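This one's a predicted model, so the numbers in the text were calculated from it and none came from an experiment.
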Amino acid sequence: MVPPETNASDSASTVGKELNAGDAQSLVAGLFGVTAGNRSCPDLIIDSCSCTSERSKGPGRQIIRIKVACSHGELLETLQSSLLPNQTVTLILSNNKISLLKNGSFFGLRSLERLDLKNNLISNIEPGALYGLPELKRLDLSNNRIGCLSPEIFTGLTSLSKLNLSGNIFSTLPLGLFVELGSLKVLHFSTESLMCDCNLRWLLQWARNSSVRIADETVCVYPSALQGRPFKTLKESELSCDGPLELPLFQMIPSRQQVVFHGDRLPFMCTATYVDKTTQIQWRHSGKIVVTDEDNEIFVEPVIIHDCCLISR
C-alpha cells in the first residue's frame with residue numbers, strides 16, 4: 001500500500017546533498033542520518049533519494065508510516081536495512097544498477113508493505129534475501145535479468161498478494177515455485193521467451209486451485225502455435241511437450257563455413273535455451289557422438305549452464 005499524499009503539518013521530506021567523488025565509495029554505508037526536527041524520517045544525502053512520513057489517520061494509537069524512494073540513481077547495492085526507519089512501509093529502489101540481492105538484504109523491515117525493485121540489473125537472488133518481511137504485500141522484480149528462481153527466495157512472505165516477475169530472462173518457472181506464497185492473488189510473469197509447454201502445466205493448475213489471477217499481459221511466446229495467447233486462457237491439454245522442440249535461442253559459433261589449415265585450432269560452441277534438467281548438448285560427427293580424443297587433439301568441454309536459462313558447450 002502506497003502512503004497517501006501528506007501535508008506540511010504531518011509530513012517531512014528531505015532530499016540529499018550532492019555527493020563528490022570521494023563520497024561515492026561510501027554510498028551505501030553512510031546513506032542516512034537523523035534530524036533533530038523529525039527523528040521518524042532520516043536525512044538522505046543522495047540526490048535520487050527522498051523520504052516522506054505521515055501519521056496514520058483514525059481513532060486509536062497513531063502510527064508513523066514512512067516511504068523511502070531512491071529511484072533513477074546509481075545505486076549498486078540495496079540500502080542497509082539497519083539504517084532505514086523501522087516504520088518504513090514503502091521502499092522504492094527502481095531504475096538503479098543493483099545486480100545482487102544478498103541474504104538478509106531487507107531483514108528488520110517488519111512493517112514493509114511495498115518493495116519496488118523494477119528496472120535494475122538483478123541477476124542473482126540469494127535464498128533469504130527477502131526474509132523478515134511478514135507484512136510485505138506488493139513485490140515488483142520486473143525488468144531485471146533474473147533467470148534462476150527457487151521457492152526459498154520467497155520464504156516468509158506470508159502476506160504477499162501481488163508479485164511481478166515480468167521482463168526477466170527466464171523461459172519457464174520451476175515446479176512449486178510459489179508454495180510459500182499462500183496469500184498471493186495477482187501474478188505477472190511475461191517474458192520475451194516464455195515457453196508454454198508441459199513444464200508450466202503445474203502453474204496453470206496451481207493458479208486455478210489457489211484462486212490466483214494471472215495478468216492478461218502474460219502471454220505465450222513459444223511454441224508458435226500458442227504465440228500471443230494469454231497464459232490464463234490455456235487448457236492443460238494445450239501445455240504439451242509432444243510437438244517439435246522450438247527453442248527461443250539456438251546458436252552455433254562459428255555460424256558459417258570456415259577455411260582452416262592443417263594444425264590450426266578451431267573452437268566450436270553451441271548455445272541454446274535451457275528447458276529443464278534433461279536438456280543436454282552433444283556434438284556429433286558423421287552421426288557419432290564426439291568425445292575428447294587427446295591423441296587427435298579433440299577436446300570436448302563440459303556443459304555450462306548460464307543463469308538457469310541458457311546451456312552451452
Side-chain angles (χ1 to χ4, degrees), residues 71-72 93-101 115-125 138-151 153-154 162-175 177-178 184 186-204 206-207 212-235 238-241 243-253 255 269-281 303-313:
S71 187
H72 296 279
L93 300 175
S94 59
N95 298 285
N96 283 290
K97 297 181 179 180
I98 300 168
S99 61
L100 168 66
L101 297 185
L115 177 58
D116 187 343
L117 289 159
K118 67 176 177 285
N119 298 326
N120 274 282
L121 305 174
I122 299 169
S123 60
N124 187 10
I125 304 177
R138 297 170 60 185
L139 174 61
D140 193 340
L141 291 166
S142 63
N143 298 323
N144 280 282
R145 299 178 180 176
I146 301 169
C148 296
L149 289 164
S150 67
I153 291 173
F154 303 114
K162 183 175 182 180
L163 174 62
N164 193 341
L165 296 172
S166 292
N168 282 285
I169 62 175
F170 57 80
S171 58
T172 191
L173 294 172
L175 176 67
L177 178 61
F178 307 116
L184 195 64
V186 182
L187 175 64
H188 303 248
F189 61 95
S190 179
T191 74
E192 294 181 352
S193 59
L194 187 64
M195 296 181 63
C196 295
D197 59 13
C198 64
N199 294 296
L200 284 184
R201 192 177 296 158
W202 74 269
L203 182 55
L204 192 63
W206 167 82
V212 173
R213 179 173 68 82
I214 296 176
D216 295 340
E217 62 267 24
T218 300
V219 299
C220 301
V221 181
Y222 297 90
S224 55
L226 298 178
Q227 190 173 41
R229 289 273 303 276
F231 183 83
K232 69 177 186 179
T233 66
L234 299 178
K235 298 177 181 179
E238 294 180 283
L239 294 171
S240 172
C241 292
L245 182 61
E246 295 183 48
L247 295 177
L249 178 67
F250 184 81
Q251 181 183 64
M252 190 170 73
I253 301 175
S255 60
M269 176 175 286
C270 178
T271 301
T273 299
Y274 182 70
V275 180
D276 56 35
K277 293 180 180 179
T278 65
T279 306
Q280 291 291 328
I281 292 179
V303 167
I304 300 175
I305 299 174
H306 311 270
D307 296 324
C308 301
C309 61
L310 294 177
I311 183 171
S312 63
R313 189 174 198 176

Tell me every residue that passes side-chain hydrogen bond (donor to acceptor under 3.5 Å, both in side chains) with [X], counting only those two or more places apart in sequence or in another chain.
X      : value
Ser190 : none
Thr218 : none
Glu217 : His188
Ser99  : none

Can you name the residues that form a side-chain contact (heavy atoms from CB on, under 4.5 Å) with [X], not counting sequence neighbours?
X      : result
Pro174 : Leu177
Thr233 : Arg229, Pro230
Asn119 : Asn95, Asn143
Leu175 : Trp202

Nearest-0.5 Å distance, [atom1] of residue [X] to [atom2] of residue [Y]:
X      : Y      : atom1 : atom2 : result
Met195 : Thr172 : CE    : OG1   : 7.5 Å
Leu165 : Ile146 : CG    : CD1   : 6.5 Å
Glu192 : Ile169 : CD    : CD1   : 11.0 Å
Leu194 : Ser171 : CG    : OG    : 7.5 Å

Given 3.5 Å as the limit, does a donor-acceptor pair link the side chain of [X] with the main chain of [Y], or not?
X      : Y      : result
Asp197 : Leu239 : no
Asn164 : Ser166 : yes
Asn144 : Leu117 : yes
Thr191 : Phe170 : yes

Does any part of the side chain of [Y], heavy atoms only, come nearer than 4.5 Å to the side chain of [X], both counted from C-beta?
X      : Y      : result
Leu101 : Leu141 : yes
Cys196 : Leu234 : yes
Trp206 : Leu187 : yes
Leu226 : Phe231 : no
Leu200 : Leu173 : yes

Set of disulfide (SG to SG under 2.5 Å) partners for Cys198, sequence neighbours left out | Cys241

Could you give all pairs that pass the salt bridge (Lys or Arg N to Asp or Glu O under 4.0 Å) test and reach residues 115-124, with sequence neighbours left out?
-> Arg114-Asp116, Asp116-Lys118

Test Phe189 against every option in Leu203, Leu149, Leu163, Asn168 by the side chain to side chain contact (heavy atoms under 4.5 Å, CB included) rule and name the one that passes.
-> Leu203

